[in-house]
Amino acid sequence: MSGTTQATGVVVDKDIFISYSRRNLAVCRALVAALARTENDTWVDWDGIPLSSDWWSEIETGIASAETVLVLLSNDWLASPVCHLELSYARSLNKRIVPVVYGTLDSEAALAAAIEKDLDAAVTDILAGRDMAVLTHDNWRVLSKINWAFYNEADFSEGASKLLAALQTDLAHARAHTRLLTRALEWQRANRDASLLLRGIDLDQAIGWLEYEQDKEPHPTDLHRAYIAASDAQRKAEQAAVLAQQARELALKQRALSRARLLIASLGVFLAVAAVLAVFALQQRGEAIDQATRADDNANAVLAEREARIAKAREVAAQALGLMDNRPAQAMLLGVAAHRIAPVFEAENALLSLSSASSGLLSTHHDERGGSLSAIAVSPSLRRYAFGHLTGDPLTVLDRDSGQ
């Protein structure tokens, strides 16, 4: 890159992020070659990240994903605002910083040059209002306290040994720091999505790492602590939910068992009551059969009586029709008696026949006593008939056989 953006770029999943000035490109290549002979993996932006891409986002990702930030410390590095921004971001993540010094440093002049440079718009945005003078002096103060390895072009063996020793110190701790930080950053960028929290053995290891190794370099960040705490709280909430569900299920089982016991007890009472009711039902059935039998007998008796009355009515109706010509009055009385015994067809037919054929004779017969017939009564033997007149005279009683 040109201007003030003379710095490295990195990608994810590398062990070491190298922060260097492009003016020291040849030295950086030699340093990478030396590291390549070890198990350490590096990635260096040799050609420069294109200005059209989100170059600072890539740098942030590379720093966050690296276990160590190696600073190729020179006067050119100290004079680069972008190099200072890289180190500032690494410090904000509590990254392990390993300086490799190249050349004789003139920190006062180099820092002054960084402060006086005209900044690109992108660098100004990244600064976000921070003072470059304060930023550079803070970085120099931090770097001054760290043991340096020195790069000598003629013989780098001693410096390389010191550098490798620094890289291997607390390597497991540094890797855990990076691994957890990468996940915490992902969680933070996703608005703290609960699905990205630690679970199971990952959470157990993170809690142990935070508890027993928090005093080691690099120190855990506040984001580390927030991420692990949120993961632990989520697990406790899930465990509480499981326990609550188990408690509800146990309560349901206990209620079901209580209901079963009550049902068994109730069933015993029910069986006893059912036995009593069965005996009572048998008794009631016997009584019902007796009542039904008696009812049938009564019904049969009523039916027999009804049939007898019908037969008697038919008999009397026939007698009435037989007397219609010679004794019309007696015939009319017999017709009335037949209808009162049972209003069957034969009785009604006899009345109709008698009333149409004998009404004149019947009126003549009774005119001797002063008027028309108003009421008729029949004796149980059907031999005598009594009738009254509209004039209110005493009753007239008629003998069926003699006609008197």
Side-chain angles (χ1 to χ4, degrees), residues 10-19 35 38-42 59-71 86-99 138-139 141-149 162-247:
V10 293
V11 293
V12 182
D13 297 334
K14 298 299 178 181
D15 297 334
I16 301 171
F17 177 97
I18 299 181
S19 177
L35 293 173
T38 70
E39 295 181 356
N40 294 285
D41 191 11
T42 61
I59 288 175
E60 285 183 322
T61 301
I63 293 173
S65 303
E67 295 160 6
T68 303
V69 174
L70 193 154
V71 175
E86 290 174 350
L87 181 57
S88 177
Y89 184 68
R91 287 172 50 210
S92 72
L93 300 181
N94 286 356
K95 285 294 178 177
R96 181 168 61 172
I97 310 298
V98 177
D138 283 345
N139 281 342
R141 177 178 50 81
V142 172
L143 290 172
S144 300
K145 296 179 180 180
I146 303 174
N147 291 327
W148 297 344
K162 188 174 181 180
L163 174 60
L164 293 177
L167 294 176
Q168 294 299 323
T169 301
D170 290 329
L171 184 58
H173 171 75
R175 286 176 176 170
H177 185 284
T178 300
R179 182 177 65 254
L180 291 172
L181 179 63
T182 301
R183 296 187 64 172
L185 287 170
E186 182 183 5
W187 169 67
Q188 185 180 55
R189 294 187 190 106
N191 295 321
R192 303 199 170 194
D193 187 345
S195 65
L196 299 175
L197 292 171
L198 297 168
R199 284 176 170 78
I201 191 171
D202 287 342
L203 177 56
D204 294 335
Q205 291 175 347
I207 292 173
W209 174 82
L210 186 62
E211 181 177 358
Y212 297 108
E213 300 193 28
Q214 59 181 334
D215 295 330
K216 291 184 179 181
E217 294 282 355
H219 296 304
T221 64
D222 291 339
L223 181 59
H224 278 102
R225 293 185 175 88
Y227 181 56
I228 295 172
S231 300
D232 191 33
Q234 176 71 14
R235 179 166 68 179
K236 289 178 179 178
E238 292 174 352
Q239 290 173 343
V242 170
L243 291 176
Q245 180 61 28
Q246 291 175 345

Shortest non-hydrogen separation from [X] to [Y] and the atoms involved:
{"X": "Trp187", "Y": "Asp193", "result": "CD1-O, 3.2 Å"}
{"X": "Pro99", "Y": "Leu143", "result": "CG-CD2, 4.1 Å"}
{"X": "Ile16", "Y": "Ala66", "result": "C-CB, 4.1 Å"}
{"X": "Ala64", "Y": "Leu185", "result": "CB-CD1, 3.3 Å"}
{"X": "Leu223", "Y": "Ala184", "result": "CG-CB, 3.7 Å"}

*Please say which of Lys95, Arg175, Arg96 ends up in a side-chain hydrogen bond (donor to acceptor under 3.5 Å, both in side chains) with Thr68.*
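The residue from Lys95, Arg175, Arg96 that satisfies side-chain hydrogen bond (donor to acceptor under 3.5 Å, both in side chains) with Thr68 turns out to be Arg96.
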
With a 3.5 Å distance limit and no angle check, can you tell me whether [X] reaches the backbone of [Y] through a side-chain donor-acceptor pair?
{"X": "His224", "Y": "Thr221", "answer": "yes"}
{"X": "Asn94", "Y": "Pro220", "answer": "yes"}
{"X": "Thr178", "Y": "Ser65", "answer": "no"}

*side chain to side chain contact (heavy atoms under 4.5 Å, CB included) with Gln246: which residues, sequence neighbours excluded?*
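Checked Gln246 against side chain to side chain contact (heavy atoms under 4.5 Å, CB included); matches are Val242, Leu243.
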
*Please list, chain by chain and in numerical order, all residues satisfying side chain to side chain contact (heavy atoms under 4.5 Å, CB included) with Arg91, sequence neighbours excluded.*
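Arg91 satisfies side chain to side chain contact (heavy atoms under 4.5 Å, CB included) with Leu87, Asp138, Asn139, Arg141, Val142 once adjacent residues are dropped.
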
*When rounded to the nearest 0.5 angstrom, what distance separates CD in Glu238 from CD in Gln245?*
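Atom-to-atom, Glu238:CD and Gln245:CD are 14.0 Å apart.
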
*CG/Asn191 to CG/Leu196 distance, rounded to the nearest 0.5 angstrom?*
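The distance works out to 10.5 Å.
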
*Stepwise, does the side chain to side chain contact (heavy atoms under 4.5 Å, CB included) test hold for Tyr227 with Leu181?*
CA-CA 9 Å; Tyr227 181 56; Leu181 179 63; over 6 Å; no

*asked:* Test of understanding: with side chain to side chain donor-acceptor pair (under 3.5 Å), list the residues that count as partners of His173, not counting sequence neighbours.
replied: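 Once residues adjacent in sequence are excluded, the partners of His173 under the side chain to side chain donor-acceptor pair (under 3.5 Å) criterion are Trp209, Glu213.
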
*Residues two or more places apart in sequence or in another chain: which of them pass side chain to side chain donor-acceptor pair (under 3.5 Å) with Lys236?*
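Partners of Lys236 under the side chain to side chain donor-acceptor pair (under 3.5 Å) test: Asp232.
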
*Dump the intermediate steps for side chain to side chain contact (heavy atoms under 4.5 Å, CB included) on Asp204 and Arg235, then the final yes or no.*
CA-CA 11 Å; Asp204 294 335; Arg235 179 166 68 179; 2.8 Å; yes

*Going by heavy atoms in the side chains, are Lys216 and His177 under 4.5 Å from each other?*
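Contact flag for Lys216/His177 side chains = no.
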
_Residues forming a salt bridge (Lys or Arg N to Asp or Glu O under 4.0 Å) with Asp202, sequence neighbours excluded_ =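 Only Arg183 meet the salt bridge (Lys or Arg N to Asp or Glu O under 4.0 Å) criterion with Asp202.
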
*Partners of Glu186 by salt bridge (Lys or Arg N to Asp or Glu O under 4.0 Å), sequence neighbours excluded?*
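Applying salt bridge (Lys or Arg N to Asp or Glu O under 4.0 Å) to Glu186 gives none.
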
_Derivation and outcome, side chain to side chain contact (heavy atoms under 4.5 Å, CB included), residues Leu198 and Leu180_ = CA-CA 9 Å; Leu198 297 168; Leu180 291 172; 3.8 Å; yes

